[in-house]
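Below: one structure, written as structure tokens.
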2 protein chains.
Amino acid sequence: MDLAPLVAARKSRPEARRADLHGSLLEQLRDLIVEGQLAAGSRVAERVLCERFGVSRTPLREALKVLAAEGLIELLPNRGARVARLTAADIAQTLKVIGTLEALAGETACERITESEIAEIRALHLEMLAHHARRDRLAYFKANQAIHQALVAASGNAVLAQTYAGLSGRIRRARYAANLDLRRWDEAVAEHELILQALAARDGARLAKLLRSHLDNKSYALAAQSPEALA
Amino acid sequence: MDLAPLVAARKSRPEARRADLHGSLLEQLRDLIVEGQLAAGSRVAERVLCERFGVSRTPLREALKVLAAEGLIELLPNRGARVARLTAADIAQTLKVIGTLEALAGETACERITESEIAEIRALHLEMLAHHARRDRLAYFKANQAIHQALVAASGNAVLAQTYAGLSGRIRRARYAANLDLRRWDEAVAEHELILQALAARDGARLAKLLRSHLDNKSYALAAQSPEALA
DNA sequence: CCTCGCAATATTGCATTCAAAAGTCAATAA
DNA sequence: TTATTGACTTTTGAATGCAATATTGCGAGG
């Protein structure tokens, strides 16, 4: 195999040698996995990733170790890494935990969220409605994520936010791949409407309950889907 | 600095060269941090850890990256690692999340726990009572942890258990260092009594509420303590 | 034709090496 | 005396090298 061009490419900008490789590698690898460019269950050779990123094995291996700790990939001793395969049970369990965390976030947020933060979430909500009206799934998905993200952030609990982000990232791939059926999609939008109302009214208990059931419903919908979409 | 003896020690057992260094290093480092042998906030030079474990920098650095991802240490670019300093807010936020996770675990466990698992938890509870009677804080602490651990495991939710373990590990150091005052200790034991009852009765809602308040109370007790104990 | 065993190859795990950044400290000037 | 500069040392970030393990391809035997 001819590595010369890659080596040349690396050496051609020696001034960047000490850039923040670790952080950027992590991000790029995560993106590859989340976007599904690295198929779930497929084995990943260090070498090919090194070539792709123009980096030696040392920083790449460090990144792989971190991703393994996060649960995005599995490390098989002496046999390399493979992208974690999410079973239906994994997804259901993760959504259960996420639902609980969001409920806590909602409850906490109601006590401390500012009016301007509520306004921002309302704006995101309206954008999401627009994407729903246009049946733009990708844009909807992103707006939806942004709303939940903002809500968790509004709790003011950094540990909660970090834990939530980690779990959310693990199943983002599956959620992204999962094409909602239209009926469930409409339901989800309706649920979001109620969620926003409860938040605006600062009704923590109600918001918690709504968020929990929202995530439970998402879980049921995913379970009802073809399992191969989760691979 | 003379590294010869260490190098010799390493080379003297080449048959162990390919042992599972990564996993074992992680464990040992975690232990060092949790047991407080590496003071919080103190900078940790890679070199000294390498000598201590008789390992080269490569596997050690991989372990440090993972620990940083777990939140046990902080990595300062080009300036090494330092043991994460837990603020009172960190601990309070973490306990809040842990309480919520335990509540979910309790609720779920009530629906699926077996009688023999309940019996095992009851046995742990009785052991804990014995340690309380003897005022043996260390043994009590361990039994206490074992009970909560078993309860979370009984939920059957692996994602929940893993998330719980991660957060629990992060503040174990603080909890361990925190010497409960006697009144709070007695209260905690009484709370555990109620928790066990609710579990035996499989009253999920009640168990969840008890666990949440148990952790909230632990949080208040820690907050009331001298902050320097948390360093 | 399929299965098993073994050599050739590839890949992983760790050690070592090299380069860049941070840290140290003494000499000098204000 | 104190602040500053600049050479020297230490430490980190990344690349390379080497030994051990896994994988693959091929031929022999059933």
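Sequence lines set the chain letters: A, B, ... in the order given, protein chains first and strands last, and positions in each chain run from 1.
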### Query
Can you tell me how far P of D:dA15 sits from NE2 of A:His22, to the nearest Å?
14 Å

#### Entry: Side-chain N or O of A:Ser56 closer than 4.0 Å to phosphate OP1/OP2 of D:dA15
yes

### Query
Nearest 0.5 Å, what's the CG-CD1 distance between A:Leu215 and A:Ile98?
6.5 Å

### Query
Looking only at heavy atoms, what is the nearest atom pair of B:Asn157 and A:Gln93, with distance?
OD1-CB, 3.1 Å

### Task
Using whole Å, report how far CG of A:Leu25 lies from C1' of D:dA14.
11 Å

### Query
In whole angstroms, how far is the P atom of D:dA19 from the CG atom of A:Asn78?
17 Å

### Summary
Atom CG of B:Leu26 and atom C1' of C:dG13 are separated, to the nearest Å, by 15 Å

### Query
Of all the nucleotides listed (C:dA15, D:dT23, D:dT12), which has the minimum atom distance to the side chain of A:Arg43?
D:dT23

### Summary
Heavy-atom nearest nucleotide on DNA chain D taken for B:Glu46 and for A:Pro59; more 5' hit belongs to B:Glu46

### Task
Send over the distance from A:Leu60 CG to D:dG13 C1', rounded to a whole Å.
15 Å

### Summary
Across all chains, not counting sequence neighbours, the side chain to side chain contact (heavy atoms under 4.5 Å, CB included) partners of B:Ala92 are B:Ser219

### Task
Please report, rounded to the nearest Å, how far the P atom of D:dT10 is from the CZ atom of B:Arg47.
9 Å

### Task
Compare side-chain N and O positions of A:Arg57 against OP1 and OP2 of D:dG17 and report whether any pair is under 4.0 Å apart.
no

### Message
I'd like to check the side-chain hydrogen bond (donor to acceptor under 3.5 Å, both in side chains) partners of A:Asp216; sequence neighbours left out, ordered by chain and number.
### Response
A:Lys96

### Query
Hey, does the side chain of B:Arg61 come within less than 4.0 Å of D:dT12's phosphate (OP1/OP2), counting only N and O?
no

### Message
Can you measure B:Leu21 atom CG to C:dT12 atom C1' for me and round it to whole angstrom units?
### Response
13 Å

### Query
B:Glu62 CD to D:dG13 C1': how many Å, rounded?
13 Å

## Note on the structure
Residues passing the ring-ring contact (aromatic ring centres under 6.0 Å, His included) test with B:His148, sequence neighbours excluded, are B:His192, B:His214

#### Entry: Results of side chain to side chain contact (heavy atoms under 4.5 Å, CB included) for B:Ala139 - residues two or more places apart only
B:His131, B:Asp136

### Query
Hey, does the side chain of A:Arg79 come within less than 4.0 Å of D:dT21's phosphate (OP1/OP2), counting only N and O?
no

## Note on the structure
Expected list for residues 68-76 of chain A near DNA chain C, using heavy atoms below 4.0 Å, is none

### Query
How would you list, by chain and number, every residue that makes a side chain to side chain contact (heavy atoms under 4.5 Å, CB included) with B:Gln149, sequence neighbours excluded?
B:Tyr164

